[in-house]
Amino acid sequence: MALYKEQSLKIYNSMSGEKEIFTPINEGNIGMYVCGPTVYSNVHLGNCRTFISFDLVFRYLKHLGFKVRYVRNITDAGHLENDADSGEDRIAKKARLEQIEPMEVVQRYTVDFHNTLQKFNNLPPSIEPTATGHIVEQIETIKKILEKGFAYEVNGSVYFDVLKFDKDHNYGKLSGRTIEDMIANTRELSGQSDKKNPQDFALWKKAEPQHIMRWPSPWSDGFPGWHLECTVMSTKYLGESFDIHGGGMDLKFPHHECEIAQGEAATGKTPVNYWMHANMLTLNGQKMAKSTGNNILPNEIFTGNNPNLSKAYSPSVARFFMLQAHYRSILDFSNDALMASEKGFNRLMDTLRNIDQLPVSNTSSFSVDEWQQRCYNAMNDDFNSPILIATLFDAVKYINAIKEGDEKISQQDLELLKNTMHDFIFEVLGLVDSTIVNEDRTQKLSGTIELLIKLRAEARNNKDFATSDQIRDQLLSLGIQLKDGKEGTTFSVE
RNA sequence: GGCAUCGUGGCCGAGUGGCUAGGCAGAGCUCUGCAAAAGCUCGCACAGCGGUUCGAAUCCGCUCGAUGCCUCCA
């Protein structure tokens, strides 16, 4: 029997503002769409947090036995830097600055994006469609929206008629805004716009002569509006109504609001059942953003080459740090916090490595079943990874107590404990034990250190503490720590 | 200015109307040749002011503060 039949998953739906029991449209199958990056520069860490959050969701849904189709787009069509009718698109601008083709920009940063997410051990999505690969579909959707009367053409551009849509569809329901508020708060853009109302947004833009990324359409040579690709590609691969749509908080308005409008206008159906929004990662208390320069590149964490960091941290430590906060909370990035996470992470991994050496008893002195269910309860409660991690640390306590002889565990429960730990740490949280990444070298290293441990033990037996301490201290300065326990000495590599 | 979220012990971060979050750091103890590691014990936190309640850090109101969105951004 599939796990999802035994576990009741709740998801916080941004649309209702409440945790709701999750029920997919088709039992056992889930369609999930997440807004991907615009590939005009290196992904920064804030981007990564969002994708790690949804990787956690993807992994847990799969763990529960659902068949998940996870679609995440690549925005590679040039969109304007601002919403006025003039301005350069960001990909073209980068291309001009670096003197390369726009598609070279796209390729370069798509590769960077994939490499980086792979280091964080994110699973690739099931489908990763590009905006430029779906120009035809986007044009077809614009036609549909025009036919339904929710869009109008002006000077070769097509705009979505927000006021008309709002009359019986309630534009703003996701972000809690009303048209009246928006009108009252509109900043006049000196009136050179073709739009009927400032709230309207572009479905198709006529390209200026110097605009490089352009495609023919019934209205003009131009390019699609930014919000359109997500509507079109989610519909194409997941259907007119699908289960989960995710993205960063900053996309809630206007991007997701526009997606809802486009979808409802084109099909008359509600496109998404559960909206999920991942919160921001801040640095020095401010949002990380490419545009303000307040950001850290993932690679700078791995190398330690950033003024905010005192040392390098592995991708798994950074991932663990992020998973120690709930995805809907703002998380502030700092060197101190990362350092604390690293120590906790190492302790967790050390314990996991000791699990095979535990003494087995006839009975268990605590309930492994109950503990396992607490792990599921944490994740069932809107993917609460911090609670899950706290529960895993409870297991660390159990394991150490068993080692000390203060608790007992049966063979059967030990298997359960071990498997559950492995499932949650590696499969669900997606963490990687860095010391077992390169098995061959690790084995050679282990053999070498075991030899030194043996020599040190002999020296200690002979009361030759000068030699034994030299071995211990010099290994430590190399980042290898010896740990004397009741059943001999073990070691850990920094 | 409008909309929204948040304000928890030294730091990071969960959470529930009354019952222990967890991690890191710190103190003491056990273990150790000395350490480290590991284990055990400890700090009674919840922005401020009112209100609801038998009882609120958890619900409501106000004040202060922070952040996000309102223009491209995960």
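Quick note on labels: first sequence line is chain A, next is B, and so on, each numbered from 1. All values derive from a computational prediction rather than experimental measurement. Just the heavy atoms: all of them, side chains too, but no hydrogens, waters or symmetry mates, feed the values below.
- Between A/Phe320 and A/Phe345, the ring planes lie tilted relative to each other; the angle falls in the 30° to 60° range.
- When the side-chain nitrogen and oxygen atoms of A/Asn384 are compared with OP1 and OP2 of B/rG15, one or more of them lie within a distance under 4.0 Å.
- In this structure, A/His256 places its NE2 atom 13 Å from P of B/rC70, rounding to the nearest Å.
- With hydrogens and angles ignored, a donor-acceptor pair under 3.5 angstrom links the side chain of A/Arg460 to the base of B/rG33.
- A/Asn400 has a side-chain polar atom (N or O) that falls below the 4.0 Å cut-off from OP1 or OP2 of B/rG39.
- When heavy atoms are screened at a 4.0 angstrom cut-off, A/His326 is found touching the sugar-phosphate backbone but no base atom.
- Contact annotation: A/Arg374 does not reach the phosphate of B/rA21 (side-chain N/O to OP1 or OP2, under 4.0 Å).
- One cannot find a donor-acceptor pair under 3.5 Å joining the base of B/rA74 and the side-chain atoms of A/His277.
- Phosphate contact (OP1/OP2 of B/rA74, side-chain N/O of A/Lys252, threshold under 4.0 Å): absent.
- Using a 4.0 Å heavy-atom distance criterion, A/Ile330 is classed as a sugar-phosphate-only contact.
- Straight-line distance from the CE atom of A/Met249 to the P atom of B/rC3: 16 Å, rounded to whole Å.
- If you measure from atom CD1 of A/Ile399 to atom P of B/rC40, you get 13 Å, rounded to the nearest angstrom.
- Contact annotation for A/Ala278: no contact, since no heavy-atom pair falls under 4.0 Å across all strands.
- For the pair A/Gly36 and A/Asp469, nearest-nucleotide mapping onto RNA chain B gives the more 5' position to A/Asp469.
- Checked by atom type, the side-chain pair A/Glu259/A/His256 shows a donor-acceptor distance below 3.5 Å.
- In this structure, A/Phe333 and A/Phe321 have perpendicular ring planes: the angle between them is above 60°, well past the 30° mark.
- A donor-acceptor contact under 3.5 angstrom links the side chains of A/Glu229 and A/Thr75, judged on distance only.
- Salt-bridge annotation for A/Lys93 and A/Asp89: absent, with no side-chain N of the basic residue lying under 4.0 Å from a carboxylate O of the acidic one.
- Considering only side-chain N and O atoms, A/Ser175 lies nowhere under 4.0 angstrom from the phosphate OP1 or OP2 of B/rA4.
- For the C1' atom pair drawn from B/rA21 and B/rG9, the interatomic distance equals 13 Å after rounding to whole Å.
- As rounded to whole Å, 13 Å separates atom P of B/rC3 from atom CD of A/Glu180.
- Taking a cutoff of 4.0 Å between a charged side-chain nitrogen and a carboxylate oxygen, A/Glu407 and A/Lys397 do not qualify as a salt bridge.
- We find that CG of A/Leu174 is positioned 12 Å from C1' of B/rC69, with the value rounded to whole Å.
- For the pair A/Lys343 and B/rA25, the criterion of a side-chain N or O lying under 4.0 Å from OP1 or OP2 is met.
- Lacking a ring centre under 5.5 Å from that of the base six-membered ring together with a plane angle below 30°, A/Phe393 does not count as stacked on B/rG22.
- Side-chain to base pairing of A/Asn279 with B/rG68: no donor and acceptor N or O lie closer than 3.5 Å to each other.
- Looking at heavy-atom distances under 4.0 Å, A/Leu348 makes no contact with the nucleic acid at all.
- For the pair A/Phe320 CZ and B/rG23 P, the computed distance is 10 Å after rounding to whole Å.
- The side chain of A/Arg177 contributes no N or O atom lying less than 4.0 Å from OP1 or OP2 of B/rC69.
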